[in-house]
Colleague: 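Quick one: this structure, given as structure tokens, is what I'll be asking you about.
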Amino acid sequence: MQEKEISNYNIALAIGPDCTKQIHVMLYSVFYNNPHLLFTCYFLYFDLPNEELNFYKRIVAELGYKCVFLQFPQINIDRTEYRHVTNETFLRLLIPSALPKNVKRVLYLDYDVIVNGSLKEVFHYSFGQYSLLAAVANKNQNKLNAVKQANGVPYGKKYFNAGVLVMDLDKLRENESFKKDYVLYFLEHHLKEIKEDDQGYLNHYLWNKTKIINYKYNYNAAIYYLDGHDAFSRIKSATELIKAEKKAEEQAIIIHYRGASKPWDQKYYGQCGKLYSYYARKAGYSIKVSKQITYKMLKFMNIVSLIIKK
């Protein structure tokens, strides 16, 4: 067995009940592609059954990692915008104040991602003057003008996705907007003033303190890309559809299954579903993607989108 590096790498996860399989698959994908790295996993949660906590302890130990559990009392939230978003998603905002002061850098991952390559490079990215590393929410930033305006992000500046974040914790701890009391007060009284919940919060306060990194570290499996561009309306054949998915699987380091459709559901309409099944099997689960998007479906969806635009 390859000896692990002495350097410790930190991962933070905000978890709710009934997502043990997804967390297991995600952590196994981390291990599978980074067998030589030593990770400490910080689990942030409100309330979990003992059997789930014990499950996480066991799988983390089996992977050779360390785990730390950080429990929080339930918080009052001025309501979330999306039905598939749970209160646990807001725990990422408390990472700077919750993690030990000796932890300087951490990679936050949503539970609906898999890691498909080495994480060493992204852990060693230079922050420079920035507090956060993140990938864009959409390569076509013009589609986000309305939400950017609502969240105080100036025109021409990048709007990022919050599902994969590398945090400079020292800088964020100095930021008043990420002090525990401030975050909790905002969530209880002012969340409706921004769009997209915690992602809106992060963009609102950190749009000028975030370094945009390569899209391969937060590849959106819900949208097809071809040659680096949104290919939703550009894919002209089933062959190109296969090409787009193969390219994603070859190049993406972190694949994010954004939106309400997930690869472990009975029906899944995004891409890279077979890749998710591959890592699920490696982790000991039998997850078969029963229905992935086809070229005919993509063509129909494109027609619908054009009608909506009109």
Colleague: Before accepting this row, confirm whether a basic side-chain N of the pair Asp198/Arg92 lies closer than 4.0 Å to the acidic partner's carboxylate O.
Modeller: yes
Colleague: When rounded to the nearest 0.5 angstrom, what distance separates CG in Leu27 from CG in Leu13?
Modeller: 6.0 Å
Colleague: Take the angle between the ring planes of Phe55 and His24 and call it parallel below 30°, perpendicular above 60°, tilted in between.
Modeller: perpendicular
Colleague: Would you say the side-chain atoms of Tyr278 and Tyr32 include a donor-acceptor pair closer than 3.5 Å?
Modeller: yes
Colleague: Look up atom NZ in Lys192 and atom CG in Asp197, then write down how far apart they are to the nearest 0.5 Å.
Modeller: 11.5 Å
Colleague: Just by distance, with hydrogens left out, do Tyr159 and Asn145 show a side-chain donor and acceptor under 3.5 Å apart?
Modeller: no
Colleague: Is the gap between the ring centers of Tyr45 and Phe72 under 6.0 Å?
Modeller: no
Colleague: More than 12 heavy atoms of other residues, nucleotides or ligands under 6.0 Å from NZ of Lys21: yes or no?
Modeller: no
Colleague: Taking only residues two or more places apart in sequence, or in another chain, which ones meet Phe160 in a ring pair (Phe, Tyr, Trp, His ring centres under 6.0 Å)?
Modeller: none
Colleague: Does Tyr185 have any ring pair (Phe, Tyr, Trp, His ring centres under 6.0 Å) partners at least two apart in sequence or in another chain, and if so, which?
Modeller: His189, His190
Colleague: Would you kindly say whether Gln149 and Tyr155 are connected by a side-chain donor-acceptor distance under 3.5 Å?
Modeller: no
Colleague: Give a yes-or-no answer on whether the side chains of Asn8 and Asn10 include a donor-acceptor pair shorter than 3.5 Å.
Modeller: yes
Colleague: CD of Gln71: more than 12 outside heavy atoms within 6.0 angstrom?
Modeller: yes
Colleague: From Arg281 CZ over to Ser286 OG, what is the distance, rounded to the nearest 0.5 angstrom?
Modeller: 8.0 Å
Colleague: Classify the ring geometry of Tyr201 against Phe186: parallel below 30°, tilted from 30° to 60°, perpendicular beyond 60°.
Modeller: perpendicular
Colleague: Working to the nearest 0.5 Å, report the span between CG of Leu132 and OG1 of Thr210.
Modeller: 4.0 Å
Colleague: Return yes if some donor-acceptor pair links the side-chain N/O of Glu249 with the main-chain N/O of Cys272 below 3.5 Å, else return no.
Modeller: no
Colleague: Under the salt bridge (Lys or Arg N to Asp or Glu O under 4.0 Å) rule, collect the residues that match up with Lys209, sequence neighbours excluded.
Modeller: none
Colleague: Would you say the side-chain atoms of His204 pair up with the backbone N or O of Asn151, donor to acceptor, closer than 3.5 Å?
Modeller: yes
Colleague: For Leu94, does its backbone N or O pair with a side-chain atom of Ser97 as donor and acceptor, under 3.5 Å?
Modeller: yes
Colleague: Using a strict threshold of under 4.0 Å (side-chain N to carboxylate O), is an ion pair present between Asp170 and Arg173?
Modeller: yes
Colleague: Is a side-chain donor or acceptor of Asn161 paired with a backbone partner of Ala135 at a separation under 3.5 angstrom?
Modeller: no
Colleague: Tell me whether Asp168 is salt-bridged to Arg105, with the criterion being a basic N under 4.0 Å from an acidic carboxylate O.
Modeller: no
Colleague: Quick one: CD1 on Ile255 to CE on Met26, what's the gap to the nearest 0.5 Å?
Modeller: 13.5 Å
Colleague: In this structure, which one of Tyr257, Trp264, Tyr56 forms a ring pair (Phe, Tyr, Trp, His ring centres under 6.0 Å) with Tyr111?
Modeller: Trp264
Colleague: Answer with yes or no whether the side chains of Asp110 and Tyr108 bring together a donor and an acceptor at under 3.5 Å.
Modeller: yes
Colleague: Counting only heavy atoms not in Lys104, do more than 12 fall under 6.0 Å of its NZ?
Modeller: yes
Colleague: For Lys158, is the NZ atom crowded, meaning more than 12 foreign heavy atoms sit under 6.0 Å from it?
Modeller: no
Colleague: Please verify the inter-ring angle class for Tyr219 with Tyr215; under 30° counts as parallel, over 60° as perpendicular, anything in between as tilted.
Modeller: perpendicular
Colleague: Between Tyr279 and Asn116, is there a side-chain donor-acceptor contact under 3.5 Å, judged purely by atom types and distance?
Modeller: yes
